[in-house]
Amino acid sequence: MNYFSTNNPNHKVALKEAVIKGLAPDQGLYMPETIPVLPAEFFTRLSSLSFREMGYEIVGALFSEDLTPGQIHELVDHTLIFDAPLVQVEDGLFSLELFHGPTLAFKDFGARFCSKLMSMLQDKRELKVLVATSGDTGSAVANGFYGVDGVEVIILYPSGKVSDLQEKQFTTLGGNVRALEVAGVFDDCQQMVKKAFLDPDLNSRMLLTSANSINIARWIPQCLYYFYAWSRLPLSDKKAVFAVPSGNFGNLAAGILAERMGLPIAGFVAATNINKVVPDYLNGAPFAAKPSLQTISNSMDVGNPSNFYRLLALFDNDESLLKEMVKGYFYTNEQTREAMRAVKRDTGYIMDPHGAIAYLGLKDFMQTEPGEYQGVFLETAHPGKFRNVVEETLDLELPLPERLQAFLMREKKAEKMANDYQAFKNYLLRS
Ligand SMILES: *Cc1c(COP(=O)(O)O)cnc(C)c1O
């Protein structure tokens, strides 16, 4: 299978180049040239398959031209080492808990798949993986790649803009994982990484790659849990809708990929905080990137969502089809907290601020046609990852999951970096 650039459908590369390059030379995002549609028969069997069993078939449909059946099994087995339980929260409304992986966030799926695929495709030269993170990407990628031979990970994060716990998860590993604390915001970090990939001088001297959600190796595996969740919904004549708390929109785009592969999803909710350029677009405004604003759902504080053109590409750039399938909603911090309180009070379920935004979007969407839908909102992080916000909002004490507790004891090792591309380049050349 070849992969084309969203900026130029005639620019096509093989899997290996798409994964190692991450971003196309014209700054476009890679997309699979054809989206395989799974046979109707597959969907009738889905509820009797385990997560891994369906994974082999889905990954097989996408990658069988490039990988052996053995490699496909290895990839899926390496990735799906944890469950994604579908938990009923209200009548006809479910939470898909994607936070049972090593760093307790959904990005573990993509990071694990990506590290394994890169190590399968990489040849002799050492790979440097550059990652800009607004929080959870850094920890998921750092942990997904930690200890993988022949790959070094360099994480750029905005100083003071990620939680202590997030920071500890990618600054304390050491080994092949290094962290740069940038005096800027997330978008500055992302700009520096993008610039490095396009710098011919740098690229002639080292093999650089990305593991952000723009990389197909991070992005594509995220489609798997949509199949799984759909297969575990109770039998019903209601239409399935998925609400996705979104920042860079990789997760939502992966859900649409599943739908394009034949999964019968009737609609999606793109739910954001006040960084709402995509909801604004879906509601009729022109698409316009904006500086990001800080919120309590900080993993979604993104003003220039990098997967936007992938959303369009999934509909062959037909804006009206995109707008038909995806509805945009956004919420303030106060609305987010109010939802967290109401759900805890009425059902006992504890949501993290990101999941709460998806919950709100789902409720608002389902009210547009009462009784028509059963809905799933994606819980993208364990509430313990955003413990301060959850505790002060719900006025309770949340025990920190053991996996996270261990990180807090460790010592932070990060190098400070000016918001300056030349300084970053010099650092890469020195290292
Ligand atoms: C990264 C992240 C998101 C946003 O996901 P995108 O794929 O960038 O839209 C939402 N919630 C949490 C907890 C995250 O870490």
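Ligands are counted one by one from 1 in listed order, and the atoms in each one are counted from 1 as well.
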Report yes or no: do Y331 and R337 form a side-chain donor-acceptor pair below 3.5 Å? no
Using a strict cut-off of 4.0 Å, indicate which atoms of ligand 1 neighbour a heavy atom of S246. 9 (O)
Test of proximity, T380 against ligand 1: N or O pairs below 3.5 Å: yes
Return yes when F106 approaches ligand 1 closer than 4.0 angstrom through a heavy atom, no otherwise. yes
G250: numbered ligand 1 atoms lying under 4.0 Å from its heavy atoms: 6 (P), 7 (O), 9 (O)
Test E74 against every option in R52, R112, K116 by the salt bridge (Lys or Arg N to Asp or Glu O under 4.0 Å) rule and name the one that passes. K116
Non-hydrogen atoms of P245 versus ligand 1: any pair closer than 4.0 Å? yes
Would you call the rings of H73 and Y56 parallel, tilted or perpendicular, where under 30° means parallel and over 60° means perpendicular? parallel
For ligand 1, which is the ligand I care about here, please tell me if F249 has any N or O atom under 3.5 Å from one of the ligand's N or O atoms. yes
Walk me through whether F249 and V326 qualify under side chain to side chain contact (heavy atoms under 4.5 Å, CB included). CA-CA 12 Å; F249 286 81; V326 185; over 6 Å; no
N or O contact, N248 vs ligand 1, cut-off under 3.5 Å: yes
Going by the angle between their ring planes, with limits at 30° and 60°, are Y226 and F268 parallel, tilted or perpendicular? perpendicular
Heavy-atom distances under 4.0 Å decide this one: backbone, side chain, both or neither, for M300 against ligand 1? side chain
Scan side-chain atoms only and decide if E319 and Y281 contain a donor-acceptor pair under the 3.5 Å cut-off. yes
Just which atoms of ligand 1 are under 4.0 Å from any heavy atom in N251? 7 (O)
To which protein heavy atom is atom 4 (C) of ligand 1 closest, and what is the distance rounded to 0.1 Å? G247 N, 3.5 Å
Ring-plane angle category for F227 and F43, please: parallel below 30°, perpendicular beyond 60°, tilted otherwise. parallel
In terms of heavy-atom contacts, does NZ of K238 have more than 12 from other residues, nucleotides or ligands at under 6.0 Å? no
Flag A381 as yes when one of its N or O atoms lies below 3.5 Å from any N or O atom of ligand 1, and as no otherwise. no
At under 4.0 Å between heavy atoms, what of K107 touches ligand 1? The answer is side chain
